[in-house]
Each structure stands twice: as structure tokens, then as C-alpha cells.
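Each chain gets a letter, A, B and so on, in the order the sequences are listed, and its residues count up from 1.
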Amino acid sequence: MVALGTARVLAVRGATLFGVLIASLLLVIVVLGATGVSDRMMGAIVNEQVRELRQSLAQTIRDPDELERVVLAEREQLVEFYGLDNPWYFRLPDMVWRVLNLDLGSARTLKSFAGSTRVSDIVLERLPNTIILVTTAMGISAVMGLYIGVKLATRVGSRLDRGMSYISAASYALPTWWVGILFILVLSFQLHIFPFGGIVSAPAPTGLLNRTLDIIWHASLPVATLVLASVGSWAYVVRTMVLNTAQEDFVMVARAKGLPENIIMRRHIIRVAAPPIVTSLVLGLTASFGGAILTETVFNWPGMGRLYFDAIMSLDENVVVALTFMFTVLYVGARFILEVLYILLDPRVRY
Amino acid sequence: MGERTRSTWKELLSTGSGKAGTAFLAVLIIISIGVVVTYPADFGIKYWSNPVLWADNPRVAPPSWTNLFSSFKHAETVVFEATEPAEKVSEFGVIRAGYSFDLNFNADESPTFTSLIVQDISYRERPPVLTLSIERPDGKKIEMYRLIVSGPRPGEEAPFSRYSETPFRVQLSGEMNVAAAVSDFLKKEIGVSISSQDLLVRGVDIAVFGKPSGDEGFDVLQGSYKIKVDALLYDEADSIGLVKFVVGGSVYGLMGTDTLGRDLSIGLLFGFPVALFIGLVTSSVTTVIGTFLGIVSGYMGGKTDTTIQRASDILANIPLLPILIFLAFIIGQNLFVIMLILIAFSWPGLTILIRSMVLQIRSGQLVESTVALGASRFRIMFKHIFPQTAPFVFAQMIFFTPAAILAEAALSFLGLGDPSLPTWGQILERGFSDGGVYVGYWWWVLPPGILIVITAMTFVLLALGLEPVVNPRLKRA
């Protein structure tokens, strides 16, 4: 009975999360299609190709009528190839179907730094950059947040605790990107300690060690920005979780038994407060692969966030759809795995 | 309800953060009202984005008060304006209207530019003639510039109106005739010979506001200058609407200027009502929708509940910023569109929370007894359940306000702001994309950010102050 109920709950959750995925993709393609953006963009691509074709054919075909006929035939072929002869609601579902089959396709205007137009190539180039920046920052803030949060929970109401809760509230009102600008202005422009942006110096230093150091030097400001923006809320979340658990009866029992405070903290409190913290950790980790659009913009960092932004700005619908798919799949996948883990790991969670 | 509002206020004002938040909010509202009353409705398009209006200002000049902190005194921008002449003498049918401006100049550099603006001239018989001269502290006088208003065109009838639509504007520093006049002055009065070509290259102002110092260089001549514009009119009814003289400095006003010479203080002030509008309207609409659907979902149960919950689940899980950027770029950079998108993706979070509250309230005795009394479902939901959620809903609204303000600022910073309504985010974006960070235009990128933070912080403080109201258990701690 219990197992059946659990399976049902997981199925509903799974269906909802799949709904999230489909809704995200539908939203993107309906907006692209219904506003005519897709048609305009594809039309421009066809026109550009026809123009190039005419120029090259004009070298070999002298008769203008003949040339016109060949170009027109070629144009019709292109229109058919791109599916422009059908309205968008016939053309775009194909794209969703293809993406759902894990074929990310190729970009229309964007290129990887190496020159490839395949979306997977572009992503593979950008993903490490984002991991260096956003995932590192996320890891640092999580570790710091855990440490500070547990510390605060042991001295609730202290000056440190109250100060930290104000700081974490203040960080909610502090736009990350503006903190980045502040850092550049003070540490790069005024004090010349850090570079203004980018990922490596030009020319890039040779040797693995020098290169690594150079990247670390470039990453320090943006990483510091992201950490500063999120460490407050991490500490606060951990503190709340730990506090909530600390008020439970079994903790009081442990105290009554006369167990030392550090054992109570380690064995009774943190172990129980861990699942929600792990949830934040996993979700934060998956979200970090999506990059940080604003911070990457401020620091001119060629990561995933910037890629998504550039794809929108150049209306490269294949890239936009592929990235939307990737980000949502990551998120939805992480959510589902957590859901399963919850049920498997915590015997109290039964539906 | 009135009693309750009063006690909420009391509670709010009893905490430090509540007091600070209320004080900040009062200041924000007062400034906003002042701006709404005094600014024209089409400020964004007609004034802020109109480069002609800012042509008389120095470009990217830091605020004037920076002089207090530096040993080198930068020239301040001074604008003189007169609609009526200081003196008017009539002799032999000719009227001499004299305009006179006193400039006390004691900067360590000469002005960066000087310009003369004349507007709205009307005449009947002969075109008026205007002469600009400057009397220097050393008693010498430079005849700088002469403007002969253009004569009647064939077929035009008196009175002839000139420069009424677009004012006549001459940047004296780059004017050939001015350079020739100053070169002449230098030769006759000072005994220095510099060709007018050379003067044009080096800037006329260093000579007009300077005294020679070896090697053909100039030192700044500090002291009081008298700038005189004399107009000769040939009819009693002839008139000049406005005479304006600008001494361009390298510092400007309270907040400095941007690359178009726009006075940043004017744009920043305009940002107050816009930010409050975005924050409050977005958060209140979001709260109304979220609360309504939450109560309906929680109380009605069944299919309604499932539908609303699935929809909120899906919407709440779609990553907001990428979708916001995508939609804002494709659908259009219009403030209302941006606000609508924010609302569309923000209500689900609240709906989920309210629903769980309603589930608890529904099983309480109050609701049970009203059902027994035969109250309608609508009445129960909004007369009996809603009031119990009200403090929480209100706190959520306050808490969501900075999120909306920050989201708009982020979009504007990416260049997706509504161009017809200048916001702090847009000013910051201009400063950043014009390289303000790399060359250190701090007065351009810091103040808008600080204002965003202060405004967002105001609501965070209010939310903190409201916490004991919403969560009475916290009071004991």
C-alpha cells in the first residue's frame, strides 16, 4: 500500500516537472512564433543566402533571365528547407521534438570561439567558464554559509546573530551586478589590483601554472561579487533550519540525557537539518550551470549566462530553445532526483 | 479593521527597522510627489532623450562639490539668463538694450567652453544687432562677437520673428570670428601676437580668461568679469525673448552630467516615482492575484485546487530572469509589459503559501460555525478567511516590492528598459556601456545604484519591522 502511494506521488511530481519543461519550451516557441520574430529572422537568413548565391552565380550565368530563374528556384528550395512555407505552428514543434530527442542542432548566427556553429560545441566551450565562475562562487558561499549558519544557531540573539540577520536582509536589497560595478570601480580602476574583466590576459600567459594563476586572478572579483551577494542568505537559511530542528523534542531529550553540546549539534541537529540544506545545495549547483547573466555581463565573462543573452539579442532561436531546454532539464532533473532521495533517505517522509 | 490597522502601525513603529523603513518611505514618497507635480508627463521622450536641451552643459562633468576635496579648483558651470534687459536707453529712434552678467571667476583653469544663446526675437523695420563683450578683472575689454539678425525674406511680413522655434546658439570657443576678435585684442591690448588659427586650436577661452605667461602660454586670470550683451533695436515694439550666456566648466551641479551633458540630478529625481510605481503596483497586483487564487484553491479544493496548484507549480519553477529577458526583448521594451511579465511569474509563490494557510484556517472553529450559520462560500472566503491571512499578505506585499524594483533595474541594466521612462537602471546602463566604469565616471554609476539599494532597503526594513505583527511568536524572543 505504502509503496503504491509513494509511486503515485512520484508519478504526479514527475508529470508536473515534465509539465514545467514543456511549458518553458512552449512559452519560448509560442512567443517566437506568434510575434512573427521567427518568420522575420528566417526570412532574413534566406534573403542573405539568396543574395550570396546570386553574386556567385552572376560570375557563371550571363543571361539575366536564366540567372533570375535559377535564383528563384534555389530560393524556393531554401524556403522549403527552413520550413518557411508553413506557418510557425507547424515548423516550431519540430524544433521542440528534436530538442527533446537531445539533438541541440546548430546555431543560426552565433558561433563558438573555434568557429563551429553546433550548439553543443558552443555550450561545451562556455560551460567550463561558467563552472569556474558561478559554480565555484556557489560552492564557496555554501561552505561559508554552512559554517556561519551553524555558528549563529548556537548563539541565537547574540550581537553577531542579529548583525548577520541584518546583513543577510541587506544583501536581498543589494543588486549583485551593482556590487560588481562597485568592485571594478574601486579595486580595478582606483587601486589597479584586479583586471577590469574578461577571463584571461591578452596575450594569454604561457605554461599551465601561469595560465591557471591568470584565470584565478581574473575570476577573483566576479567570484567575490557572487559570494558576497549570496553568502548572507545561505547563512540565514542554514541558521533557520538548524534552529527549527534544535527546538524539537528529541533534542531536548538528548540534552536531558546530559550529552555534550557538540555531539548534540553533530549527531542530532545537523543530521536532521541536513536534507533541506542538501536540497538548496543541489538546486544551487544545477542552477549555477545556467550562469549568471548579469555578473557575466558586468565582468565581460564568456559564460553560459552571457551566451543565453547573446542568443536572445541576435534572435538565434535554435540556441534560445536549446538553452532553455538545457536549463530546464537540469532543474527539473535535480528536483526529481531530490524527490526520490527524500523518500528513500528519510523514513519519516511517507505520503 | 481600523483598530487593527492602528495596532499594526504601533507594532511597526516600535521596532528600529520599522521606524527607519517608515522614515525612508516617507522621504521617497515626498520626493516622488514633488517630481510628479513638477515634471512634465512626457519628460522621458521630450526632455531627457532630447540632446538639444542639454547642449549647453559640459559633458561628463563631475559634481561641483568635488572641488571641496581637491586642491585644484575646477571651473564650475555657470548659466546666466535674462528675459528683460538691465537697462534700456532710447536715442534718436534707436533703442539700446543692455544685458549684463557678473561672473566671479576664481577657478584654477579657464572655462572649457563659452556659448551665447538668443531666443525669440521679433522686429519690425530693421534687424536688431547684438554685441557680446567681456570686461576682464584687469579692466580690459574684449569685443567678442556680433550677431546681426537675418533680414526679412522676400514676401515675409512684419513683425518678423526669429529664433522662436529653435534658439540661436553659438559656441564661442570654436567660432572663427571670435578667434579673430580675440587675436586682435591680444595684439592691441596685451601685446601678444597669436594667429586666430592657433587660438582656435588652443581654445579661445584660455586667452579670454587668462593673462600671458612666457612661452606664449596663459595663466588663469581670476577675478570678477562682466559679460555684456548690447542689443540695438530700431522700433519700440521690437523685443528679445531670452539672452543666455553659458560659462562651461569641468564640474557641474549637484550630481554632474553624462556624455550628452544631461544633468544627472534631474534624471535621478525622475527615477523616484518610477521606481515606487514599478515596485508598489507590481507587488500589489501580484499579491491580489496570488491571495485570491490561494484562498480559492485552499477553500474550494477538488479540481479547482488541483488546476491552480499545478499551474502555480509550473510557473513558479520556470527560471524568471532568462524568461524575463527573452519576453522583454521580443514583446517590447514597455514598462507595462515588463510589469505584466513580472506579475505573471510571481503570483504562484504566494498562492502556494496562502493555500497552505487557508487549509489550516478552514478546519478551524470560526469557519465551521459560519458554515453552520449558512454563510455563502464567497462570504466565508473573503469575510472570514481573508482577514486572518491579511497581515501575512500585507507583509508579503512589502517584501515583494524590492524584488520588482530590482528586477526592473536588472532588465534596464541589460539595455531592455522602457526608453520613454528613464529609470535608475537605465542611467546606470548608459554609464556602464559608455565605459563609465573603466574611466572612473563614479558620479554616473554610483548614485543610481545607491538609490536602487536605498529604495529596496526601505521595503526590506519595513518587512523586518512587520515581522512581529505577522509572526506574533517572535515577540517573545
Side-chain angles (χ1 to χ4, degrees), chain A residues 12-13 15-17 19-24 27-28 31-32 34-38 156-157 165-166 169-186 188-190 196-197 287 290-294 297-298 305 308-309 311-313 315 320 323-324 327-328 331-332 335, chain B residues 16-17 306 309-311 313-319 321-332 399 402-403 405-407 409-411 413-416 424-425 428 431-433 435-442 445-446 448-450 452-461 463-464 477:
Chain A
V12 170
R13 287 305 299 164
T16 309
L17 290 172
V20 170
L21 180 62
I22 297 298
S24 297
L27 183 75
V28 168
V31 170
L32 278 173
T35 51
V37 167
S38 175
V156 178
S165 66
Y166 275 105
S171 72
Y172 177 67
L174 209 59
T176 318
W177 44 278
W178 187 67
V179 175
I181 289 178
L182 218 58
F183 275 174
I184 296 181
L185 214 51
V186 175
S188 306
F189 175 74
Q190 203 66 36
F196 282 103
I293 296 178
L294 291 155
T297 303
V298 170
Y308 190 77
F309 186 69
I312 292 172
M313 288 299 149
L315 286 177
V320 172
L323 290 182
T324 308
F327 296 158
T328 325
Y331 174 77
V332 162
R335 280 295 295 267
Chain B
S17 49
T306 317
Q309 286 312 304
R310 288 292 150 269
D313 260 2
I314 290 174
L315 280 179
N317 281 319
I318 293 177
L321 187 64
I323 288 293
L324 199 58
I325 292 169
F326 176 72
L327 291 178
F329 182 66
I330 305 246
I331 299 180
F399 195 65
I405 294 174
L406 293 175
L411 269 190
F413 179 70
L414 290 170
L416 295 170
W424 295 327
L428 237 169
F432 184 75
S433 62
V437 183
Y438 308 113
V439 281
Y441 298 152
W442 54 268
V445 285
L446 289 190
I450 292 172
I452 292 171
V453 172
I454 289 179
T455 310
M457 201 61 212
T458 300
F459 291 97
V460 172
L461 285 171
L464 282 178

Relative to chain A, which segment of [X] carries a heavy atom at a distance below 4.5 Å: side chain, backbone, both, or neither?
X         : value
Val437(B) : both
Leu315(B) : neither
Ile405(B) : neither
Leu464(B) : side chain
Phe326(B) : both
Ile454(B) : neither

(message) Contact between Phe399(B) and Tyr172(A) at the side-chain level, heavy atoms closer than 4.5 Å - yes or no?
(response) yes
(request) Quick one: pull up CG in Asp313(B) and CZ in Arg13(A) and give me the separation to the nearest 0.5 Å. (result) 5.0 Å
(message) Would you compute the distance between atom CZ of Phe309(A) and atom CZ of Phe329(B) and round it to the nearest 0.5 angstrom?
(response) 8.0 Å
(request) Any chance you could lay out the side-chain contact (heavy atoms from CB on, under 4.5 Å) test for Leu406(B) and Leu174(A), step after step, and finish with the verdict? (result) CA-CA 8 Å; Leu406(B) 293 175; Leu174(A) 209 59; over 6 Å; no
Region of [X] in contact with chain B, defined by heavy-atom distances below 4.5 Å:
X         : answer
Val31(A)  : both
Thr16(A)  : both
Val332(A) : neither
Tyr308(A) : side chain
Val12(A)  : side chain

Closest approach of [X] and [Y], non-hydrogen atoms and distance?
X         : Y         : value
Leu185(A) : Gly436(B) : CD1-O, 4.3 Å
Ala173(A) : Met457(B) : CB-N, 3.6 Å
Thr35(A)  : Ile330(B) : OG1-CG2, 3.4 Å

(request) May I ask you to name which of Ala409(B), Gly431(B), Pro402(B) has the most heavy-atom pairs under 4.5 Å with chain A? (result)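 Top count of heavy-atom pairs under 4.5 Å with chain A: Ala409(B).
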(request) Starting from the C-alpha separation in whole Å, work towards a yes-or-no answer on side-chain contact (heavy atoms from CB on, under 4.5 Å) for Leu182(A) and Val445(B). (result) CA-CA 9 Å; Leu182(A) 218 58; Val445(B) 285; over 6 Å; no
(request) Tell me, out of Phe196(A), Tyr166(A), Trp177(A), who's got the most heavy-atom pairs with chain B below 4.5 Å. (result)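 Winner by heavy-atom pair count: Trp177(A).
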